[in-house]
Amino acid sequence: MKSFLYSVLIISVLILFGCQSKFPLNKDLTKQSYKFFNQDSVEVTFPGFIKGKTAVMGFIYTNCPDICPMTTHNMIITDEKLTEEGINDVQFILLTFDPDRDTPSVLKKYAEVRGINFDNWTLLWGDKENTDKLLIRFDVMALPSDSSYSDDGELNYYMIHTDRISLIDKDGRLRKNYQGSKVNLDELLNDIKELGE
Amino acid sequence: MTAVLTFLFLFIQVSENIVVKDQWVRPGAKGMGTALYFTIENNGSEADTLYAVTSDISDKIMIHQTYSKGDMIGMKMVKEIVIEPGKAFKFEPGGYHVMVMKLKHDIKAGDETEFILHFKKAGEVSVTASVAKN
Ligand SMILES: [Cu+2]
């Protein structure tokens, strides 16, 4: 009897950890709805607008010249690889955590200069309140640091932030987080394919 | 005449103590920022210091370092970079970068952009950086 219980325990632990290592999260994002605007200043509801699609979501600010472009580029390569394999139903999202400076038109320019295709990419801008609420949902932190006024009286600041790409399944559940600038692309690709099945 | 000039040019290149190579810049839109990366080799017998970078495409260029704090990431200004003799110093993604703010025009993949690196001993070193895809 004792050994039977041990077996059950061991198997449960294996199943639990087995699942956890693949998709450690299962957070239903559809319980709340947030108002955002896309790169064309058109209102979109998150996560409503991605319903039925697997989504890859990156968190950025456009005055970030080093880390955020790496995160963005990792998503672009992922999109290219999926397209090569004939997978076209994945939605890519970039959310700014610097809504004061990253207006929809700024976000659009950031995307255009990188050749991003808006058919399956959406850049999201929200007011401070909605942005903060969504960041908390995703456990993403972003704080201004090192601010200074330049000669022309303009406020300059950098941000210290979580380096993040998140994977959301077709049912609007957050399933896994990755380090945005250093994500293992094969891992992300395999996870997307597995969720898409 | 051309041969002499070519020879002189080669001579000047070879005799430089400071060599900047593998330079590239990320794409960026007018009014926004981007980052420049390169490797500096100090082939001289004394240390040299990079203290500024200038370019026609921006009036606001700084040397920056990316750092992490727990699982958060940020960047900060660095006053100067000392390159020891016989050593190379790399600016690379996730580490040191030259922060180019408020671009005067768009730069896109395939474009080329000129920068001048200012060293305490070697003086001005011009580089042409090609714009990468990312
Ligand atoms: Cu920087």
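Hydrogens, waters and symmetry mates play no part in the numbers below; they use all other heavy atoms, side chains included. Per chain, numbering begins at 1; letters A, B, ... match sequence-line order.
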ask   = Do B:I73 and A:I160 belong together in a cluster built from hydrophobic side chains that touch within less than 4.5 Å?
value = no
message = Please identify, among B:K133, B:H64, B:M75, B:K108, the residue contributing the most non-hydrogen atom pairs under 4.5 Å to chain A.
response = B:M75
inquiry  = Are more than 12 heavy atoms, taken from residues, nucleotides or ligands other than A:K53, located less than 6.0 Å from that residue's NZ atom?
reply    = yes
ask   = Hey, is NZ on A:K51 packed in by over 12 heavy atoms from elsewhere, all under 6.0 Å?
value = no
B:M62 CE to A:N156 CG distance, which is reported to the nearest 0.5 Å = 7.0 Å
inquiry  = Please give me the minimum heavy-atom distance between A:N63 and B:M99, naming the atom from each residue.
reply    = O-CE, 3.5 Å
task = Check whether more than 12 heavy atoms from other residues, nucleotides or ligands sit under 6.0 Å from atom NZ of B:K121, and answer yes or no.
result = yes
ask   = From B:M32 CE over to A:C64 SG, what is the distance, rounded to the nearest 0.5 angstrom?
value = 11.0 Å
inquiry  = Under the criterion side-chain contact (heavy atoms from CB on, under 4.5 Å), I'd like the reasoning laid out for B:M72 against A:L143: C-alpha separation, chi angles, the key distance, then a yes or no.
reply    = CA-CA 10 Å; B:M72 289 173 71; A:L143 305 161; 4.2 Å; yes
inquiry  = Take a 6.0 Å sphere around NZ of A:K182 and say whether it holds more than 12 heavy atoms from other residues, nucleotides or ligands.
reply    = no
NZ-CG distance between A:K109 and B:L103, expressed to the nearest 0.5 angstrom = 9.5 Å
query = Of the backbone (N, CA, C, O) and the side chain (C-beta and beyond), which part of B:I107 lies under 4.5 Å from a heavy atom of chain A, both, or neither?
reply = backbone
Options B:G33, B:G31, B:G95, B:G94, ranked by heavy-atom pairs under 4.5 Å with chain A, top entry = B:G94
query = Any chance CD of A:E129 has more than 12 other-residue heavy atoms, nucleotides or ligands included, within less than 6.0 Å?
reply = no
task = Check whether A:V140 gets within reach of chain B through its side chain, its backbone, both or neither, counting any heavy atom under 4.5 Å.
result = neither
ask   = Counting only heavy atoms not in A:K27, do more than 12 sit closer than 6.0 Å to its NZ atom?
value = yes
inquiry  = Shorter than 4.5 Å, heavy atoms on both sides: which option in A:H161, A:R164, A:M70 has the most such pairs with chain B?
reply    = A:H161
request  = Indicate yes or no: at least one non-hydrogen side-chain atom of B:R26 is less than 4.5 angstrom from one of A:D66.
outcome  = yes
inquiry  = Can you tell me if B:D56 has over 12 outside heavy atoms packed within less than 6.0 Å of its CG?
reply    = no
ask   = Does a side-chain heavy-atom distance below 4.5 Å link A:I67 with B:T66?
value = yes
Minimum heavy-atom distance B:G28-A:V113, with the two atoms named = O-CG2, 3.4 Å
query = Can you name the closest pair of heavy atoms from B:A35 and A:P65 and give their distance?
reply = CB-O, 3.5 Å
key: Atom pair CG/OG1 of B:D71 and A:T162 - distance to nearest 0.5 Å   = 5.5 Å
query = Can you tell me if CE on A:M141 sees more than 12 non-hydrogen neighbours from other groups inside 6.0 Å?
reply = no
task = Could you state whether B:V131 and B:I116 fall into the same hydrophobic cluster, counting links through intermediate Ile, Leu, Val, Met, Phe, Trp or Tyr residues with side-chain heavy atoms under 4.5 angstrom apart?
result = no
